[in-house]
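These notes concern the structure reproduced below.
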Amino acid sequence: MEKYNPKKIEKKWQKKWEETGVFASLDKSKKPKYYLLVEFPYPSGDGLHVGHCRSYVALDILARKKRMQGFNVLFPMGWDAFGLPTENYAIKTRTHPAIVTRKNTANFKRQQKDLGLSFDWNREINTTDPSYYKWTQWIFIQLFKKGLAYKAKMSINWCPSCKIGLANEEVVDGKCERCGKKAGRKEKEQWLLRITKYADRLIHDLDKVDYPERVKVSQKEWIGRSQGTEIKFPVPVFTPFRDLSLTGFTTRADTLFGCTYLVLAPEHALIEKLKRKISNYKQVKDYVEKSKKKAEKERISEDKEKTGIEIKGIKATNPVNNRKIPIFVADYVLMHYGTGAIMAVPAHDQRDFDFAKRYNLPIIEVIKPKDSKYDPSKQAYEGEGILINSGRFTGIKSEQAKERITEWLNAKGFAKKAVHYKLRDWIFSRQRYWGEPIPMIKCEKCGWQPVLEQDLPIKLPEVKNYKPTEKGQSPLAKVEKWVNAECPKCKGPGQRETDVMPNWAGSNWYYLRYCDPINDKKLADPKKLEHWMPVDWYNGGMEHTTLHLLYSRFIYKFLRDIKAVPRSIGSEPYKKRTSHGMILGQGGIKMSKSKGNVISPEKVVKEHGADTMRVYEMFIGPFEQMILWDTKGVKGVRRFLEKVWKFQEKLGDGKELKQLVHKTIKKVTEDIELLKFNTAISSLMILANKMEQQKEISLIHYSLFLILLSPFAPHITEELWERAGFKGLCCEQKWPRYDSKLIKEKKIILVVQINGKVRDKIEVDADISEKEAEKAVLLRDRVLKYTEGKKIKKTIFISGKLINFVL
RNA sequence: GCCGAGGUGGUGAAAUUGGCAAACACGUACGGUUCAGAGCCGUAUACCUUACGGUUUGUGGGUUCAAAUCCCACCCUCGGCACCA
């Protein structure tokens, strides 16, 4: 017998699969469709990571099994190739990012093929391909036409080192996520997408999908819907602002009688508006300027000590009791949430309490705490309760008071119900090179105009230098020829937008393109979308479960609203979402180049073969859990495959294993569906161990075993299939069904307990009755030892499992 | 602080409608094969005990004939969010 040589046989079968086209998905088929999606990678220069493999192999196993079960499976792959690392590399090496991308994707693809992944390569897509980003740009134009894309001047997080605007989520601990340098703020014109318009639908439709609970929770929290009241506080000043007022948002209208001052965010417009009325304007302005310089995250996360300053010369009126209250400005109030102004109730809000203590402001209790231990001089009572000191509302419960105070003020024109979200509109422009150009032209007469759809794609022009300009503009700004363009409306002179889209843009809708990857007329043919969508199962990293999922759900809903996607395919793009756990390096630390503990999948494949790599990654631990890479464990899996390899020498008759084979069919079939690959493999190992002990293995059991193992280890099974003389390809066989009659045990081991402790075990017929069992058991020495001279009070008999005597 | 997940041998882990705790694998020890090693095969391997037996699923309590699994309180680890009014 030849030795098991993965290198040789793996190449052979990969070629064979490619030649026969067994993994191609059909746009028309009588078989039921099944769409399996893995997050497409950013093709970095480092090549495939073990984490990528975990996701790909897992869904590859599902894809292979589903095909064998008679489904028409769509399992595609592509490249999310726009992005900063490629661009930074291009700056450093003066190579065109497109060349870097081509090199990297080729490398990724080769490594994926080496793993024997059953992707349908006819549907490969690349977000940097103009024929793809044509449609990314087209989507942007539709958003603009519906008023969902707009340009606004705003203060953004700014990394002075990368010279790039940063989304809030790209600032970690006040530092740029990419380079780790301190981030600041800068006023910039930015394109924004009005995702907030979809906030309620994005929450509501979570009920329709099968996502892990934690993912749903984090999406809801990210959107952060809260219902409350907007309250108008008159600010009496003399002309020219006769009816001036400040609006604050609160979820606790019941505490309004305890409001002793108002606080404005530093950016609040009222400050400039009332400049002349403010007696200490210079000091106020100083404070405002200081807080504007801090990066947003820094401002928020800075020690809990609250700073602020009173705006002197003006006062507000609390509409519930007409009291005059002072107005402060403080940076613990955020301009972008609610109305940028709050009513401070120090007795019932810890933040207001801290601030009031520091600036000696009055604290009025208006809710009677339920907890008697609570000390009002030390902290705020934030719970609900019965109202006190609240005029006509004294004595009623918080819950009712919220409603009634709102209604009462509403009647007088001082309040209305309102909903606010933590979610903010999505900043959609980056001042860089390697992204989709935003297809907009600014005309002095007509303002911002989208380019004509027939002119798409707007291709990225060639530039000499990929660095952003000193002013923080995209390098595209330097390409005069490209920038100057005629206004699509009036044909007068205009200038192109030089910002590009963020990385998210291409990944928002890529799963739609797989359904119809080379369509030039539409982003995808509705018929094909109707055939394939929705995605039945989507797997990817935990780190993408809030932003990417939320963004792409938003874009999907929008495309469906404008009928670019047929309504019939449902309101959600992904039916089911799972996330694989991260793989940590030796010692339980994250794999990183600097720690030197990175495991390269390519090396493992070279050393042990793709099948070992695949089975090991699935066997190592529960799929959705974080796991540790253990080089020694890889050997164990290789050993298992070597064992399987040797079976070819003893094919023959043997009948004994029929029951175990059927049990294994059941276990493997069910476990794959539940992503319990580790236990599925363990049951295959148990069967293999038993087979090894047999003198001869029957051909029928052998073929069933190979089929069950084939999704996990497709190459070796294919080779053994051929060597055994079986017909066709192993990966095209029908997935076996088990015989439930066969699985039932005839004899079982009955556990005998006395007072709940195991004292004996006895082999009996599986369907033994309580009386028979009692009879059989009570005569045994080991049992007599405990029961002698004692009375049996009670007998518990669980059929097929145990008998317990209580003495 | 809030939300979520989790805590089981030397290690990764298995067992969840309550019913034999530690399947499968790694590691280790001993034995076999070998001139020798690697490899492979076999046996053992939660802990205490020579044994009989006893103890054990983060800690403490509860429910039950029976708890890793259910309930209560607490401790710890990991992940996410974090001045959102």
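Residue numbers begin at 1 in each chain, while the letters A, B, ... track the order of the sequences. Bear in mind the structure is a predicted one, so any value in this text is a computation, not a measurement.
- Using C1' as the reference atom, B/rU56 and B/rG7 are 15 Å apart when rounded to the nearest Å.
- Using a 4.0 Å heavy-atom criterion, one finds that A/G621 contacts no nucleic acid atom at all.
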**Message:** side chain to side chain donor-acceptor pair (under 3.5 Å), that's the test. Do A/H580 and A/R54 meet it? Break it down for me.
**Reply:** CA-CA 7 Å; A/H580 56 276; A/R54 202 167 181 209; over 6 Å; no
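- Map A/S218 and A/F249 each onto its nearest nucleotide of RNA chain B; the residue landing nearer the 5' end is A/S218.
- For an aromatic pair to be called close, the ring centres must be under 6.0 Å apart, and A/F355 with A/F328 satisfies this.
- The residue A/Q753 sits close to a base: some heavy atom pair falls under 4.0 Å.
- Using Watson-Crick or G-U wobble geometry with both donor-acceptor distances under 3.5 Å, B/rA51 finds no partner in any strand shown.
- Summarising the geometry, the separation between NZ on A/K635 and P on B/rU11 is reported as 19 Å, rounded to the nearest angstrom.
- For A/S226, a side-chain nitrogen or oxygen approaches OP1 or OP2 of B/rA85 to under 4.0 Å.
- Neither OP1 nor OP2 of B/rA23 sits under 4.0 Å from any side-chain N or O of A/K663.
- For the pair A/E543 CD and B/rG79 P, the computed distance is 14 Å after rounding to whole Å.
- To the nearest angstrom, P of B/rC2 lies 13 Å from CD of A/E221.
- Using a 30° and 60° split on the angle between ring planes, A/Y4 and A/W645 fall in the tilted class, from 30° to 60°.
- Residue contacts shown for A/I686 are limited to sugar-phosphate atoms, with no base heavy atom under 4.0 Å away.
- The only member of A/T255, A/L246, A/N318 that meets side chain to side chain contact (heavy atoms under 4.5 Å, CB included) when paired with A/M343 is A/T255.
- At least one side-chain nitrogen or oxygen of A/R759 sits closer than 4.0 Å to the OP1 or OP2 atom of B/rG54.
- Across A/K667, A/Q659, A/K663, a single residue satisfies side chain to side chain contact (heavy atoms under 4.5 Å, CB included) together with A/I743, and that is A/K663.
- Judged by closest nucleotide on RNA chain B, A/K632 is the one of A/K632 and A/N804 placed further toward the 5' end.
- Distances shown here put a side-chain N or O of A/R639 below 4.0 Å from the OP1 or OP2 atom of B/rG27.
- A/M542 comes within 4.0 angstrom of no nucleic acid atom, judged by non-hydrogen atoms across all strands.
- When heavy atoms are screened at a 4.0 angstrom cut-off, A/K676 is found touching the sugar-phosphate backbone but no base atom.
- Checking B/rU34 for Watson-Crick or G-U wobble geometry (two distances, each under 3.5 Å) identifies no partner in any strand.
- Within the nucleic acid shown, A/K761 comes within 4.0 Å of at least one base atom, counting heavy atoms only.
- Straight-line distance from the CG atom of A/N755 to the P atom of B/rG54: 12 Å, rounded to whole Å.
- Taking a pair to require two hydrogen-bonding distances under 3.5 Å in either a Watson-Crick or a G-U wobble arrangement, B/rC20 remains unpaired.
- Taking atom CD on A/E624 and atom C1' on B/rG79, their separation rounds to 14 Å, with Å as the unit.
- At the heavy-atom level, A/I796 lies under 4.0 Å from base atoms of the strands shown.
- Between A/F640 atom CZ and B/rC41 atom P the separation is 13 Å, expressed in whole Å.
- Nucleic acid contact class of A/D352 (heavy atoms, under 4.0 Å, all strands): none.
- Applying the 4.0 Å criterion to OP1 and OP2 of B/rA25, one finds that A/N689 has a side-chain N or O inside that range.
- In this structure, A/Q625 reaches the B/rA13 phosphate: one of its side-chain N or O atoms is under 4.0 Å from OP1 or OP2.
- Side chain to side chain, A/D354 and A/Q350 meet the donor-acceptor criterion of an N or O pair below 3.5 Å.
- A/W222 places its CH2 atom 11 Å from the C1' atom of B/rA82, with the value rounded to the nearest Å.
- Taking the six-membered ring for Trp and the full ring otherwise, A/Y616 and A/W629 have centroids separated by under 6.0 Å.
- The residue A/K422 sits close to a base: some heavy atom pair falls under 4.0 Å.
- Annotated as anti: B/rG31, whose glycosidic dihedral deviates from 0 by more than 90°.
- Regarding A/I231, its CD1 atom lies at a distance of 14 Å from the P atom of B/rA85, rounded to whole Å.
- The partner of B/rG6 is B/rC76, by the rule that a Watson-Crick or G-U pair needs both atom distances under 3.5 Å.
- Nucleic acid contact class of A/E692 (heavy atoms, under 4.0 Å, all strands): sugar-phosphate only.
- Searching all strands for a Watson-Crick or G-U wobble partner of B/rG1 with both distances below 3.5 Å returns B/rC81.
- When both pairing distances are held under 3.5 Å, B/rU28 makes a Watson-Crick or G-U pair with B/rA44.
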